[in-house]
Engineer: 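Sharing a structure with you now.
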2 protein chains.
Amino acid sequence: MQFSTRAEYGLKAMVNLAEAYPESRPIQQLAKEERISVKYLERIFGILRRSELVVSHKGKSGGYTLAQKPNLLKVGEIIEALEGTIAPMGCSSSACSQKDSCASSKVWGILEKQVRKTLYGIKLNSLLK
Amino acid sequence: MQFSTRAEYGLKAMVNLAEAYPESRPIQQLAKEERISVKYLERIFGILRRSELVVSHKGKSGGYTLAQKPNLLKVGEIIEALEGTIAPMGCSSSACSQKDSCASSKVWGILEKQVRKTLYGIKLNSLLK
DNA sequence: CTATATCATACCGATTTAGTATGAGTATAG
DNA sequence: CTATACTCATACTAAATCGGTATGATATAG
């Protein structure tokens, strides 16, 4: 079970933005400070923006700002937006025809619930230095 | 965050073996009952055997048996063997140079601990029908 | 107007997934 | 003893995903 670096980079950058809150920061700066490819981080922030976790400001002296206060933003929201889902197996959340008869789907169900509980229990401000 | 079907198939087959315990069952039968490709399941059982979760019996009327009683076998062992690791990010368990300064690694650490606790808390016999 | 930003899209090489193909080795039923 | 039923190793494949790059359009502060 592995999250991709998308989640790692995105979370790092979000923590960085939380430190700047309510100021905004451009991708350039975030990428430099967190040692991430600028272009890749641009795409990651496309996802975060469309998920309304972040607000963009175009043009000179533009950049990104957290859409909410750091103490309201849950890490689970960020991870879920970046990874697409938190479910450890496709069958655990979506409609699986054998759901009832399948013993292992019980495991994925329990696990997803736990992971979700854990990640939604962590607020962004608790990660500040 | 997704486990592969390797984990799903392996777990299903292990539950099936738990039902047969202490009898053994050939791959053919397991694959048919769980609707999994025979050849693919063969390879999955190679992993399980090398991890000593399962014992093989060669030749005619051979097959696989659980290496331990179903109430001693933890789901976490099975998943970890099949997935290679339970860590949600490479940096959470292995040596990461920025481990202390990295805010997000804190999240992966907490999460891995939770997932491990959850999966090792489930015994195979609790999944029997 | 111009420099600095976001933002969309398409491309790339590498790796992983899920599965197949081939065939060797092994033990047992009959 | 032999045919058969099984394990088991290795190599291959198509498709998807990953991490990243390239190109260029669009918006805006100053």
Side-chain angles (χ1 to χ4, degrees), chain A residues 1-13 17 20 23-67 79 82-85 87-91, chain B residues 1-13 17 20 23-67 79 82-85 87-91:
Chain A
M1 180 193 69
Q2 290 267 115
F3 284 115
S4 62
T5 57
R6 236 189 356 264
E8 185 189 358
Y9 295 169
L11 184 54
K12 277 187 181 181
L17 273 193
E23 301 283 296
S24 82
R25 281 184 178 164
I27 292 276
Q28 286 282 351
Q29 189 182 345
L30 294 172
K32 192 178 179 186
E33 290 183 11
E34 305 297 337
R35 293 186 204 80
I36 302 169
S37 148
V38 173
K39 279 296 174 188
Y40 192 33
L41 196 55
E42 269 187 9
R43 279 194 7 203
I44 290 172
F45 267 82
I47 300 172
L48 292 171
R49 177 180 49 83
R50 284 186 287 274
S51 304
E52 297 177 7
L53 297 174
V54 115
V55 176
S56 70
H57 312 281
K58 280 191 173 182
K60 200 168 183 177
S61 81
Y64 288 94
T65 323
L66 288 191
I79 307 285
L82 292 170
E83 289 298 307
T85 176
M89 281 291 313
C91 67
Chain B
M1 182 194 64
Q2 290 267 115
F3 284 115
S4 63
T5 58
R6 233 187 359 262
E8 185 189 358
Y9 294 168
L11 184 54
K12 276 187 181 180
L17 273 193
E23 302 281 297
S24 80
R25 280 184 179 164
I27 292 278
Q28 287 282 349
Q29 189 181 345
L30 294 171
K32 192 179 179 186
E33 289 183 12
E34 305 297 338
R35 293 186 205 79
I36 302 170
S37 150
V38 173
K39 280 296 175 190
Y40 192 33
L41 195 56
E42 270 187 7
R43 281 196 4 205
I44 290 172
F45 266 84
I47 299 173
L48 293 171
R49 178 180 47 84
R50 284 186 289 274
S51 304
E52 297 177 9
L53 296 174
V54 116
V55 175
S56 70
H57 311 282
K58 282 189 173 182
K60 203 169 184 178
S61 85
Y64 289 93
T65 323
L66 288 190
I79 308 285
L82 293 170
E83 290 297 309
T85 177
M89 281 290 314
C91 67

Engineer: Any idea which of C:dA8, D:dG19, D:dA11 is nearest the A:Tyr40 side chain?
Structural biologist: D:dG19
Engineer: Looking at every strand, decide which applies to A:Tyr64 at a 4.0 Å heavy-atom threshold: base, sugar-phosphate, or nothing.
Structural biologist: sugar-phosphate
Engineer: Please determine whether a side-chain nitrogen or oxygen atom of B:Arg49 lies at a distance below 4.0 Å from atom OP1 or OP2 of D:dT7.
Structural biologist: no
Engineer: Would you mind reading off the distance between A:Ile47 atom CD1 and D:dT17 atom P, rounded to a whole angstrom?
Structural biologist: 13 Å
Engineer: Which nucleotide wins on minimum distance to the side chain of B:Ser56, given the candidates C:dT20, C:dC7, D:dC8?
Structural biologist: D:dC8
Engineer: Would you mind classifying the nucleic acid contact of A:Arg43 as base, sugar-phosphate or nothing, using non-hydrogen atoms under 4.0 angstrom?
Structural biologist: base
Engineer: Taking OP1 and OP2 of C:dT20, is either one under 4.0 Å from a side-chain nitrogen or oxygen of B:Ser37?
Structural biologist: yes
Engineer: Could you check which of D:dC12, C:dT22, C:dA8 has an atom nearest any side-chain atom of A:Arg50?
Structural biologist: C:dA8
Engineer: Among D:dG19, D:dG24, C:dT6, which nucleotide has an atom closest to any side-chain atom of A:Glu42?
Structural biologist: C:dT6
Engineer: Does a side-chain N or O of B:Ser61 approach OP1 or OP2 of C:dA29 to a distance below 4.0 Å, or not?
Structural biologist: yes
Engineer: Round to a whole Å and report the spacing from NZ of B:Lys39 to C1' of D:dC8.
Structural biologist: 8 Å
Engineer: Under 4.0 Å from OP1 or OP2 of C:dA18: is there any side-chain N or O of B:Thr5 that close?
Structural biologist: yes
Engineer: When you measure from the side chain of A:Gln28, which nucleotide among D:dA9, C:dA5, C:dA10 comes out closest?
Structural biologist: C:dA5
Engineer: Tell me whether the OP1 or OP2 atom of D:dG19 has a side-chain N or O from A:Ser4 closer than 4.0 Å.
Structural biologist: yes
Engineer: Could you write out DNA chain D as a dot-bracket string, with dots for unpaired bases, | for bases paired across to another strand, and Watson-Crick or G-U pairs counted at under 3.5 Å?
Structural biologist: ||||||||||||||||||||||||||||||
Engineer: Taking only side-chain N and O atoms of B:Tyr9, does any of them lie within less than 4.0 angstrom of OP1 or OP2 on C:dG19?
Structural biologist: yes
Engineer: How is A:Phe3 classified with respect to the nucleic acid when contacts are heavy atoms under 4.0 Å: base, sugar-phosphate, or nothing?
Structural biologist: nothing
Engineer: May I ask you to check whether over 12 heavy atoms, not counting those of A:Glu52, lie within 6.0 Å of atom CD?
Structural biologist: no
Engineer: What is the separation between atom CZ on A:Arg35 and atom P on D:dG19, rounded to the nearest whole Å?
Structural biologist: 19 Å
Engineer: Distance check needed: C:dT20 P versus B:Ile44 CD1, whole Å only.
Structural biologist: 12 Å
Engineer: Let me know the distance between CD1 of A:Ile27 and P of C:dT4, rounded to the nearest Å.
Structural biologist: 17 Å
Engineer: With heavy atoms under 4.0 Å as the rule, sort A:Lys60 into base, sugar-phosphate or nothing.
Structural biologist: base
Engineer: Just how far, in rounded Å, is P of D:dG19 from CD of A:Glu8?
Structural biologist: 9 Å
Engineer: Nearest-Å distance, CG (A:Leu82) to P (D:dC18)?
Structural biologist: 12 Å
Engineer: Between D:dG20, C:dT6, D:dT23, which one does the side chain of A:Pro26 approach most closely?
Structural biologist: C:dT6
Engineer: Report the distance from atom CZ of B:Arg6 to atom C1' of C:dG19, rounded to the nearest whole Å.
Structural biologist: 12 Å
Engineer: Of the non-hydrogen atoms in B:Ile79 and B:Phe3, which two are nearest, and what is the gap between them?
Structural biologist: CG2-CE2, 3.6 Å
Engineer: Under 3.5 Å, side chain of B:Arg25 to main-chain N/O of B:Leu30, donor-acceptor pair present?
Structural biologist: no
